[in-house]
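All values below were derived from every heavy atom in this structure, side-chain atoms included, with hydrogens, water molecules and symmetry-related copies excluded. Atoms within a ligand are numbered from 1 in the order they appear, just like the ligands themselves. This one's a predicted model, so the numbers in the text were calculated from it and none came from an experiment. We count residues from 1, following the sequence as given.
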Amino acid sequence: MAAAGLARPEHAAAAGSDLPAEAPGFYSFRLGEFRIAPVCDGVFHLPMNSIATNAEPAARKAYFDAHYMTADIFQLQANPLLVGSAEKLVLIDTGVGPAQDWAPTAGRLAKSLQDAGVAPADIDVIVLTHCHGDHVGGLEAAVSEGFSKAEVVLSETELDLWNSPDAASKVPDWAAPGVPALQKTFAALGDRLRPVKGGSEIVTGVMALDTPGHTPGHMSVLVASGGVTMLVTGDALANIHFAFDHPDWQMIWDHDRELGVKTRKSLLDRATHDRLLVTGYHYPFPGVGHVVKEGDGFRWLPAEWVWDRET
Ligand SMILES: [Zn+2]
């Protein structure tokens, strides 16, 4: 029987607590001529009462019961994305950052990049979808060490908001405490900051897309190579818990909740109409897949894990 097999001495080294505690935190696949790799920064938790705030209470309860989300908190992953073209290595978003009290199980980006064989100094461009702490937490390494040569790209609107003298009064209360450290990092980056407009090409094959609502200057990103296009949603689609099948449900994390809904629906329409490959920062790792229309809403269809290298 199995238990006897596991007790054999030659299996002892792999038994119970001797099993490895973790696996490498990246996933890599080809998109045309590009190599793409979500890299895991870890997970963190948010209160359930922060999401689906405008849903009818009975429908909300029934939905979350049906999806096994009945605790007071739910989990979100944080997955920055490497985009490697022939000419540039791009990192989209930078994780929660190390040693954050509110996210003790995140902040492992440096380790995951190492697992992927990427030195932070190799990154040419860092793209910020927006300036919430779970996306810019690792940016400080662009100044102090690590990402020593990377140019930092974000939308003009987003930079203007977070870098303005009265930024703390223009962003939600929960985001205000992060403003001083972010402004200090922006100041230290100096000429390495490159604000862009929606529709502009960040590097060949990587295009900024204005998707406001979550923040006023939120950007999604389109990555295109070899006739294949992938939509990197950022937090315009901030979860798979309800954003696909109930895109009209709001959450407190959108600065403009109604605009957040409008942008979300428009992105979902585009993803289905254009049959785009889709990836998002907070989707279950590796978080790559497609969107299909279903009923009044949409459904997340995760892609198969791809093995495209000979062993
Ligand atoms: Zn986020």
Side-chain angles (χ1 to χ4, degrees), residues 25 38-53 69 73-82 91-98 100-109 112 126-140 152-155 157-159 161-162 171-179 181-182 185 208-221 231-244 247 249-257 259-261 263-264 267-268 278-288 300:
V39 279
C40 173
D41 185 57
V43 299
F44 63 95
H45 299 85
L46 292 175
M48 280 295 284
N49 63 9
S50 67
I51 57 174
T53 50
M69 293 177 68
I73 56 173
F74 68 100
Q75 175 174 290
L76 276 183
Q77 311 215 5
N79 300 320
L81 188 75
L82 282 170
L91 177 69
I92 303 178
D93 288 332
T94 65
V96 164
Q100 299 286 353
D101 289 345
W102 60 274
T105 50
R108 52 180 300 131
L109 176 64
S112 294
I126 294 171
V127 178
L128 301 175
T129 58
H130 64 296
C131 291
H132 286 165
D134 54 319
H135 298 251
V136 299
L139 187 62
E140 207 271 333
V152 176
V153 174
L154 75 171
S155 94
T157 308
E158 194 72 356
L159 181 60
L161 169 66
W162 294 87
V171 300
D173 289 348
W174 55 265
V179 168
L182 185 59
T185 301
L209 200 63
D210 275 335
T211 47
H214 188 65
T215 63
H218 186 281
M219 281 191 330
S220 299
V221 179
L231 169 66
V232 184
T233 65
D235 281 8
L237 280 155
N239 61 74
I240 67 152
H241 298 115
F242 64 86
F244 289 78
W249 282 3
Q250 300 177 1
M251 55 181 190
I252 69 162
W253 311 109
D254 285 351
H255 292 209
D256 182 334
R257 298 180 200 179
L259 185 56
V261 166
T263 295
R264 192 147 58 237
L267 269 188
L268 288 163
V278 175
T279 185
Y281 191 76
H282 293 305
Y283 307 168
F285 192 82
V288 181
W300 173 241

ring-ring contact (aromatic ring centres under 6.0 Å, His included) partners for Y283, two or more places apart:
F244, W300

Which protein N, O or S atoms lie under 2.8 Å from the Zn ion (ligand 1), given by chain and residue number?
D134 OD2, H135 NE2, D235 OD2, H282 NE2

Non-hydrogen side-chain atoms of H282 and D134 separated by less than 4.5 Å
yes

Under a 3.5 Å distance rule, please check whether T185 uses its side chain to pair with a backbone N or O of A181 as donor and acceptor.
yes

Sidechain-backbone polar pair: R264 side chain, W249 backbone, donor-acceptor under 3.5 Å
yes

T211: side-chain hydrogen bond (donor to acceptor under 3.5 Å, both in side chains) partners, not counting sequence neighbours
H218, S220

Sequence-distant partners of W253, ring-ring contact (aromatic ring centres under 6.0 Å, His included), two or more places apart
W174

